[in-house]
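Report on the structure given below.
For reference, positions follow the sequence shown, starting with 1.
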Amino acid sequence: MGRFLALFNGAADEAAKAGLTEQQQTDFMNAWAAWAQANENALVDPGAPLYGKKLVTARGVEDFTDNLVAYAIVEAYSHDEAVRIFSGHPHLGLFAGNSIAVLECPPPPV
């Protein structure tokens, strides 16, 4: 079993996000809950939204923005299996252009 980090990229601007109706938000959350339940055996960390971003460099710390909106971590037998887990995620249909990057996280070398 390997671990895989999913990074959710959001394509919507603030106006589009604000334009979601309560019903659309409820439908999305229900779809997300159904996805999570269907994949509960693979979910190591169901994830959370990503807010308050800080970039740390040798020169200091600064706020930054990007399109990453959430993360999740799963365990799967292969990278392809991890990708399949996220291929039906409701995030992909919420806004045109949304995507999910699935990264393999191998154990640290010993």
(message) Is any side-chain heavy atom of Ile85 closer than 4.5 Å to one of Phe4?
(response) no
(message) Measuring only between side-chain heavy atoms, which start at C-beta, is Lys53 closer than 4.5 Å to Asp66?
(response) yes
(message) Quick check: closest heavy atoms across Pro46 and Ala72, and the distance to 0.1 Å?
(response) O-CB, 3.7 Å
(request) Nearest 0.5 Å please: distance from the CG atom of Asp27 over to the CD atom of Glu22. (result) 11.5 Å
(request) Compare every heavy atom of Asn98 with every heavy atom of Ala12, then report the nearest pair and how far apart it is. (result) N-OD1, 4.3 Å
(message) Under the rule for salt bridge (Lys or Arg N to Asp or Glu O under 4.0 Å), what residues qualify as partners of Arg84, not counting sequence neighbours?
(response) none
(request) Quick one: name the residues clustered hydrophobically with Leu103, using the 4.5 Å side-chain heavy-atom rule over I, L, V, M, F, W, Y, and just say none if it's on its own. (result) Leu5, Leu7, Val44, Leu50, Leu68, Tyr71, Ile73
(request) Report the hydrophobic cluster partners of Val56, with the cluster defined as I, L, V, M, F, W, Y residues connected by side-chain heavy atoms closer than 4.5 angstrom, directly or transitively. (result) Val61
(message) Applying ring-ring contact (aromatic ring centres under 6.0 Å, His included) as the test, list every pair that has at least one member in residues 90-110; sequence neighbours left out.
(response) Phe8-His91
(message) I need the minimum non-hydrogen distance between Ala101 and Asn9, along with the two atoms involved.
(response) N-ND2, 4.1 Å
(message) Please tell me whether Phe28 and Phe86 are part of a single hydrophobic cluster in this structure, the criterion being side-chain heavy atoms less than 4.5 Å apart.
(response) no
(message) Quick one: does any side-chain atom of Asp13 pair with a main-chain N or O of Ala16 as donor and acceptor, under 3.5 Å?
(response) yes
(message) Do Trp35 and Leu92 sit in one hydrophobic cluster, given that two such residues count as connected whenever their side-chain heavy atoms are within less than 4.5 Å of each other, even indirectly?
(response) yes
(request) Run through the side-chain heavy atoms of Ile, Leu, Val, Met, Phe, Trp and Tyr, join any pair under 4.5 Å, and report what else lands in Leu55's cluster. (result) Phe64
(message) Just verifying a value: how many Å separate Met1 CE and Ser78 OG, rounded to the nearest 0.5 Å?
(response) 10.5 Å
(request) Could you tell me whether a side-chain N or O of Gln37 sits under 3.5 Å from a main-chain N or O of Ala33, the two making a donor and an acceptor? (result) no
(message) Please report the interatomic distance CZ(Arg3) to CD(Glu75), rounded to the nearest 0.5 Å.
(response) 4.5 Å
(message) Could you tell me if the side chain of Asp63 sits less than 4.5 Å from the side chain of Lys54, heavy atoms only?
(response) yes
(request) Heavy atoms only: give me the nearest Leu43-Ala36 pair and the separation to one decimal. (result) CD1-O, 3.7 Å
(message) Looking at every heavy atom in both Leu20 and Gln25, which two are closest together, and how far apart are they?
(response) O-NE2, 3.3 Å
(message) Who clusters with Val110? Use side-chain heavy atoms, under 4.5 angstrom, across I, L, V, M, F, W and Y, and order the result by chain and number.
(response) none
(request) Determine whether Thr26 and Met29 make a side-chain contact, defined as any pair of heavy atoms from C-beta on separated by less than 4.5 Å. (result) no
(message) Looking at every heavy atom in both Ala82 and Val102, which two are closest together, and how far apart are they?
(response) CB-CG1, 3.9 Å
